[in-house]
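Contents: one structure, followed by commentary.
So you know, we letter chains A, B, ... as the sequences are listed, proteins then strands, and number each from 1. What you are looking at is a predicted structure, and each value in this text was computed from that prediction instead of being measured.
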Amino acid sequence: MTATTPTPPPATDAAPSAPAADAATLHTPVNAWFAAHARDLPWRRPEAGPWGVMVSEFMLQQTPVSRVLPVYEQWLKRWPRPADLAAEPPGEAVRAWGRLGYPRRALRLHAAATAITERHGGEVPDDHAALLALPGVGEYTAAAVASFAYGRRHAVLDTNVRRVLARVVTGVQYPPNATTAAERRLAQRLLPDDEATAARWAAATMELGALVCTARTPDCGRCPVAARCAWRLAGFPAHDGPPRRGQTYAGTDRQVRGMLLAVLREATGPVTQEQMDAVWDEPVQRARALDGLVADGLVEPVAQGVYRLPLE
DNA sequence: TAATCGTGGTC
DNA sequence: TGACCAAGATT
């Protein structure tokens with residue numbers, strides 16, 4: 001709703017009366033744009049392999065690329081295969097997660113590595129259903145790994161793709177709050193028939209959303225399908241539905257959990273209650289946050305008033 | 001379905 | 001300057 005008015009594309013790029021966007025007219029320009037403008041991200045290089053792709057997908061859940069890059073490099077160097085990670089205590093994954101946020105992802109990635117080692121011979125599965133069965137892998141991540149790592153044909157619906165489709169095809173500024181069946185049908189309908197083209201399309205639409213068709217200030221002048229964008233052709237109508245609920249953070253349990261876990265991460269061994277009490281002075285909320293961390297398996301009680309990152 | 005779950009950068 | 005946003009999953 002507060003997005004800046006998009007930059008109009010140069011007149012030469014806009015066909016006078018372009019037809020509405022459809023699958024046939026979108027694949028070629030979007031994939032060509034991707035070929036020319038894709039970022040050189042480490043998990044896109046051949047040497048990353050399926051495990052590198054999976055690690056990146058876990059880290060990128062709700063976390064910007066710029067913050068993932070250094071941690072990704074450390075992880076892949078330290079744990080080049082799933083079995084390497086599975087061989088260490090889950091607490092080491094939590095510690096190495098650093099400040100990426102949502103540390104349960106570290107725990108789930110460790111659990112996924114364990115499952116891959118035990119059930120899949122140490123190889124990241126290439127099958128969507130097998131991927132979906134892994135801890136921390138939902139519909140998006142399963143499709144992303146199958147598509148990016150193995151070239152499979154899947155609709156990959158992340159926040160970028162949802163926004164691109166909402167604008168280019170549906171003609172609205174933003175997609176709904178939660179992914180709808182209609183969005184899935186649309187993504188499925190737009191998926192190229194050819195497997196390799198579909199995999200490229202998945203990465204290309206994501207990249208287009210990340211670099212050009214951004215949430216706040218889309219740069220239509222650089223968009224390969226601006227001439228056929230339904231939202232643009234409609235005159236950039238503003239989002240009407242209810243505003244997305246804000247993610248307030250200051251003073252919440254999440255903030256307290258984060259501060260408590262930071263104490264554990266930065267310590268080399270077990271930590272005393274006293275050390276944790278020092279970072280938050282409201283005792284009820286502090287206790288609730290710590291209980292939550294223990295319940296989630298992110299913190300392990302060692303003895304009365306002593307805690308550590310989980311060894312199992 | 002809606003709430004919960006971190007952290008930091010941007011405008 | 002505070003609200004919004006960032007390759008979601010789980011319950």
For this session: Please figure out whether A:T179 or A:Q255 has its closest DNA chain B nucleotide nearer the 5' end.
Result: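 In this pair, the answer is A:T179.
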Just the rounded figure in Å: distance from [atom2] of [N] to [atom1] of [X].
X      : N      : atom1 : atom2 : value
A:H110 : C:dA9  : NE2   : C1'   : 19 Å
A:L293 : B:dT4  : CG    : P     : 16 Å
A:Y174 : C:dC4  : OH    : P     : 10 Å
A:L69  : B:dG8  : CG    : P     : 16 Å
A:Y72  : C:dA7  : OH    : C1'   : 14 Å
A:L261 : B:dG6  : CG    : C1'   : 10 Å
A:R104 : C:dT10 : CZ    : C1'   : 7 Å

So do the side chains of [X] and [Y] get within less than 4.5 Å of each other, counting heavy atoms only?
X      : Y      : answer
A:M54  : A:I116 : yes
A:Y102 : A:R254 : yes
A:E300 : A:L311 : yes
A:V68  : A:W43  : yes

Exercise. Between A:R99 and B:dG9, is there a side-chain N or O to OP1/OP2 distance below 4.0 Å?
Worked result: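 No, because none of the side-chain N or O atoms of A:R99 sits under 4.0 Å from OP1 or OP2 of B:dG9.
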Exercise. Is the shortest side-chain N/O distance from A:R257 to OP1 or OP2 of B:dG6 below 4.0 Å?
Worked result: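 Answer yes for this pair, as a side-chain N or O of A:R257 is under 4.0 Å from OP1 or OP2.
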Exercise. Does the ring center of A:W75 lie less than 6.0 Å from the ring center of A:W97?
Worked result: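 Under 6.0 Å, so yes.
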For this session: Can you sort out which residues in residues 33-66 of chain A have a heavy atom within less than 4.0 Å of DNA chain B? Ascending by number, please.
Result: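 Contacts with DNA chain B under 4.0 Å: A:Q62, A:T63.
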For this session: Pick base, sugar-phosphate or nothing for A:R163, based on heavy-atom distances below 4.0 Å to the nucleic acid.
Result: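 The answer is sugar-phosphate, as A:R163 gets under 4.0 Å only of primed atoms, P, OP1 or OP2.
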For this session: May I ask you to say what A:G138 touches in the nucleic acid, namely base, sugar-phosphate or nothing, with a heavy-atom cut-off under 4.0 Å?
Result: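 Answer is sugar-phosphate: A:G138 comes under 4.0 Å of backbone atoms only.
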For this session: Would you indicate which nucleotide in B:dT7, C:dC5, C:dG8 comes nearest to any side-chain atom of A:R265?
Result: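 Within the option list, the nearest is B:dT7.
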Exercise. Starting at the 5' end of DNA chain C, which residue's closest nucleotide do you reach first, A:A144 or A:P135?
Worked result: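 With A:A144 and A:P135 compared, the 5'-side residue is A:A144.
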Problem set entry | A:E88 and A:W79: side chain donor to acceptor below 3.5 Å |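 A donor-acceptor contact under 3.5 Å links the two side chains.
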Problem set entry | Distance-only donor-acceptor test, A:R216 side-chain atoms vs C:dC4 base atoms, 3.5 Å |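 Indeed there is one.
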Problem set entry | A:R67 (side chain) and B:dT7 (base): donor-acceptor pair under 3.5 Å |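 Yes, a donor-acceptor pair under 3.5 Å.
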For this session: Using a cut-off of 6.0 Å, state whether more than 12 heavy atoms not belonging to A:R286 lie near its atom CZ.
Result: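 Check passes, neighbour count above 12.
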